[in-house]
Amino acid sequence: MLKQNLQQKLLQKLSPQQIQFIKLLQVPTVSLDTRIKEELEENPALEDLSLTNLNEPEEQYPDRDPDEDNYNNDEEKGEMDEFNIDDYLQEDNVNDYGSRYDQNGDDEDERKEIPIAVQSSFFESLQAQLDLLPLSDKDFMIGKQIIGSLDDDGYLRRPIMSLTDDLAFSQNVLAEDDEVEEMLKVIQGFDPPGVGARSLQECLLIQLRKKDASDPIVKKAIQVVEHYLDEFTRKHYDKLEKSLNMNSVELRAVVNEILKLNPKPGDSNEINTKQMQVIPDFHITNNDGVLILTLNSKNAPELRVSRSYQEMFQHYDKASQKDKKLKEAVQFVKQKLDSAKWFIDAIKQRQQTLLKTMNAIMQYQYEFFLTGDDKNLKPMILKDIADRIGMDISTVSRVANSKYVQTEFGTFLLKSFFSEAIQTESGEEVSNKEVKKILEEHIGKEDKRHPLADEKLTEILKDAGYNIARRTVAKYREQMNIPVARLRKEL
C-alpha cells in the first residue's frame, strides 16, 4: 500500500561564487600565482595588468583598515535576470584593485624567487650508475624495473615475485626470481649506501658491511643489528651489555656507530621535491611598540575584465538583428565576462578575509607579537576570532590551517597561535602553549642517562602551579613529538 506525505527540508546550497571563494581562501601564497595562471588560460575575458603593457597611469588606492571593507554579495541577486552591459564597462585607467594593502610591504628584492639548484634526482642517480655497468639487455631491464619499484626512502617494499610478474607482463621479459634477486644485490651496492633494502635491518646491515670489517666496533654493530635490533630500538642497553659481553664504554661506541647510519637512503639528496617553499602571507613589523600588519603583495594581483571582450559585447549588443549564431556568441561572451567578474570578486574577498582574520589574531595576541615569548600567548580558540570578525568558524579554520605570518621572531603557521586554556592553582587561565614550553625546557635540561618520566614531569608542573593530569602531560609530549623517557635515554 502506497502512502503519501508532505515533508519539509531546510537545505543550504552554496553558490558557484561561494565555492570559488572557499577554494581560493585555502590556497597558500606560494600556489596563488599558479591558480591565477590557470584561470587566465581558461578565461580570455580575464587580464593580468602586470603582464600587459599599459601606458595609462594606474589609480592607487589609499591605505584602509581591513575592518572597514564589507564584502557585498548584492550583485549575486538577479545575476540570472536581464543582462546589463553597464556592469562590464569600466574606465581603461581604473585598476579594479591592486596591491593597495601592501604599499609599504615587499620591495623588489623580497619579490625575487629563490633560485633552485640543478641537481639529478635520486632515481636519475641510480639509473646513471646502472648505465655504467656492462650488463646484458635482460639484466639491464631487470635493474631498471627494480629502480623504478623503489619508494622515496630508497626501499624495495614489493616482493620479488611481483617484480618478476611486472617484467613478464609489462616489459615482455621472462625472468626467474633468482635473477631478480641477483640484480637486486648489484643495486644494493650503489650509492647512497643502503639503497634497495627490503627492511630497516637490511638497510643498516648493507651500510655496516661496506665499512672496515676488521674494526671490532663495526663487528659488534653488525651483531647488534643482525640479532638484537629490537633491543637496540627499545634502548634496552643493559640486555645488550649482558648478551654481547660488553661494558658501557664499548656499548656507547657501538651505539654511536649505528646512529651514524642513514635509515632512509632515498632522502640523501639535498633537494626534496615534496617540500614546498614557505612564502609568508603576512608580515608584522614593530614600529616603536606599534604593530603594523601588511599582506604579502603576491596576494593582490592586478586583475581586470578584458577591454576587448567588453568592446566585443558592446558591438554584439548594438547589433540590430541577432541570428542564432550571434545570440550564441553573445551568450559565450556574457559567460566569460561573468566568470572574470566572479573571479576578481573572489580574489578581492580573499584579500579582505585574510586581513580581517590576521588583524584579529594580531590584536588578540598583541603581547606575543611584541615580545616573541610563548608565555605571552593567550588561550585562543577559533570561535574567539570568528566572533570578533563576524565570520564562520570554518572560514577562520581555512585561513589558520594554510597561512603563515613573518615576524621579527620567525615565520609561524597561524594555527600555532591557537591553544586551549588551562587554569592554574591561582585561578588564572593560561595557554597550554605555556605548559608545553615548560615541559620542553625541563626535558631539554634533563640528565639523558636518567630522563624524566611523565609522572615526574607531572609533579614538576604541579609544583609550578599547573594542576594537570599525567595523561595530559603524555598528550602534550606526544604533540611535541618527544618520545617517552625510556627512548630518550642515552649512554
Side-chain angles (χ1 to χ4, degrees), residues 116-215 217-234 244 254 257-276:
I116 297 174
V118 177
Q119 181 172 333
S120 62
S121 72
F122 168 66
F123 295 99
E124 287 171 347
S125 172
L126 293 177
Q127 186 62 49
Q129 293 175 70
L130 184 71
D131 291 340
L132 295 174
L133 297 179
L135 300 171
S136 65
D137 290 345
K138 184 178 182 180
D139 284 343
F140 180 80
M141 291 299 292
I142 294 171
K144 194 173 180 181
Q145 186 72 30
I146 292 170
I147 290 171
S149 301
L150 301 179
D151 65 14
D152 290 338
D153 292 338
Y155 284 79
L156 180 66
R157 308 286 187 186
R158 304 184 63 207
I160 296 294
M161 189 183 296
S162 296
L163 296 184
T164 308
D165 291 342
D166 286 348
L167 283 162
F169 289 113
S170 61
Q171 306 293 337
N172 199 25
V173 175
L174 299 176
E176 299 294 330
D177 289 353
D178 292 345
E179 293 176 289
V180 177
E181 190 90 44
E182 283 301 312
M183 248 344 269
L184 177 59
K185 288 178 183 175
V186 172
I187 288 169
Q188 287 177 347
F190 287 1
D191 285 327
V195 70
R198 286 159 288 186
S199 66
L200 173 63
Q201 185 180 44
E202 187 175 26
C203 178
L204 299 179
L205 285 172
I206 290 170
Q207 295 176 62
L208 285 169
R209 284 169 180 157
K210 286 191 172 186
K211 293 178 178 283
D212 183 4
S214 63
D215 187 338
I217 299 298
V218 173
K219 284 182 181 178
K220 289 285 186 181
I222 290 173
Q223 275 185 280
V224 170
V225 172
E226 201 163 11
H227 304 291
Y228 303 100
L229 186 60
D230 191 51
E231 286 82 353
F232 173 79
T233 54
R234 293 175 183 274
L244 295 168
V254 170
E257 188 66 36
I258 296 171
L259 292 176
K260 290 177 191 173
L261 306 176
N262 185 1
K264 294 182 179 181
D267 284 349
S268 298
N269 280 14
E270 292 177 15
I271 294 176
N272 186 350
T273 55
K274 287 186 177 180
Q275 287 181 346
M276 189 166 59

Student: How long is the span from the CG atom in Leu208 to the CD atom in Glu257, to the nearest 0.5 Å?
Tutor: 6.5 Å

Student: Could you report the tightest heavy-atom contact between Pro192 and Pro265, atom names first, then the distance?
Tutor: CG-O, 3.3 Å

Student: Mind listing the closest non-hydrogen atom pair of Asp177 and Met161 along with its distance?
Tutor: OD1-CA, 4.1 Å

Student: State the CE-OG distance between Met141 and Ser170, to the nearest 0.5 angstrom.
Tutor: 8.0 Å

Student: Would you name the heavy atoms of Thr233 and Asp230 that are closest together and state the gap between them?
Tutor: OG1-O, 2.9 Å

Student: Can I get a per-line list of side-chain donor-acceptor pairs under 3.5 Å for residues 197-205, giving both atom names and the distance, sequence neighbours left out?
Tutor:
| residue | atom | partner | partner atom | Å |
| --- | --- | --- | --- | --- |
| Arg198 | NE | Glu202 | OE1 | 3.3 |
| Arg198 | NH1 | Glu181 | OE2 | 2.8 |
| Arg198 | NH2 | Glu181 | OE2 | 3.2 |
| Arg198 | NH2 | Glu202 | OE2 | 3.1 |
| Ser199 | OG | Glu202 | N | 3.2 |
| Gln201 | NE2 | Val225 | O | 2.9 |
| Gln201 | NE2 | Glu226 | O | 3.0 |
| Glu202 | OE1 | Arg198 | N | 2.7 |
| Glu202 | OE2 | Gln188 | NE2 | 3.1 |

Student: Is atom CG of Asp212 surrounded by more than 12 heavy atoms (other residues, nucleotides or ligands) closer than 6.0 Å?
Tutor: yes

Student: Side-chain contact, heavy-atom cut-off 4.5 Å: Leu244 with Val254?
Tutor: no

Student: Is the shortest heavy-atom distance from the side chain of Leu133 to the side chain of Phe190 under 4.5 Å?
Tutor: yes

Student: Answer yes or no: is there a side-chain heavy-atom contact under 4.5 Å between Asp153 and Phe122?
Tutor: no

Student: Can you see which heavy atom on Leu174 is nearest to which on Ala168, and at what distance?
Tutor: CD2-CB, 4.2 Å

Student: What's the separation between atom OG in Ser214 and atom NZ in Lys219, rounded to the nearest 0.5 Å?
Tutor: 7.0 Å

Student: Starting at CD1 of Ile187, measure out to CG of Leu156 and round the result to the nearest 0.5 Å.
Tutor: 9.0 Å

Student: If you define the side chain from C-beta out and look only at heavy atoms, does anything of Pro193 sit under 4.5 Å from Asn262?
Tutor: no

Student: If you count heavy atoms of other groups shown closer than 6.0 angstrom to NZ of Lys220, is the number above 12?
Tutor: yes

Student: Just checking Arg158: does its CZ atom have more than 12 heavy atoms from other residues, nucleotides or ligands closer to it than 6.0 angstrom?
Tutor: yes

Student: If you count every heavy atom of other residues, nucleotides or ligands that lies below 6.0 Å from Asn172 atom CG, does the total exceed 12?
Tutor: no

Student: Measure the spacing between CG of Leu167 and NZ of Lys138 and express it to the nearest 0.5 Å.
Tutor: 9.5 Å

Student: Side chains of Val180 and Leu184: closer than 4.5 Å at any heavy-atom pair?
Tutor: no

Student: State, to 0.1 Å, how close Gly194 and Ile206 come at their nearest heavy-atom pair, and which atoms those are.
Tutor: N-CG2, 3.7 Å

Student: Just verifying a value: how many Å separate Met183 CE and Phe140 CZ, rounded to the nearest 0.5 Å?
Tutor: 9.0 Å

Student: Should Leu135 and Val186 be marked as a side-chain contact (heavy atoms from CB on, under 4.5 Å) after you check the CA-CA gap, both sets of side-chain angles, and the distance that decides it?
Tutor: CA-CA 11 Å; Leu135 300 171; Val186 172; 5.5 Å; no

Student: Quick one: does Gln127's side chain get under 4.5 Å of Leu130's, heavy atoms only?
Tutor: yes

Student: Is there a side-chain contact (heavy atoms from CB on, under 4.5 Å) between Leu126 and Gln129? Walk through the geometry before answering.
Tutor: CA-CA 5 Å; Leu126 293 177; Gln129 293 175 70; 4.0 Å; yes

Student: Looking at Lys210 and Gly189, would you say the former's side chain and the latter's main chain have a donor-acceptor pair under 3.5 Å?
Tutor: yes

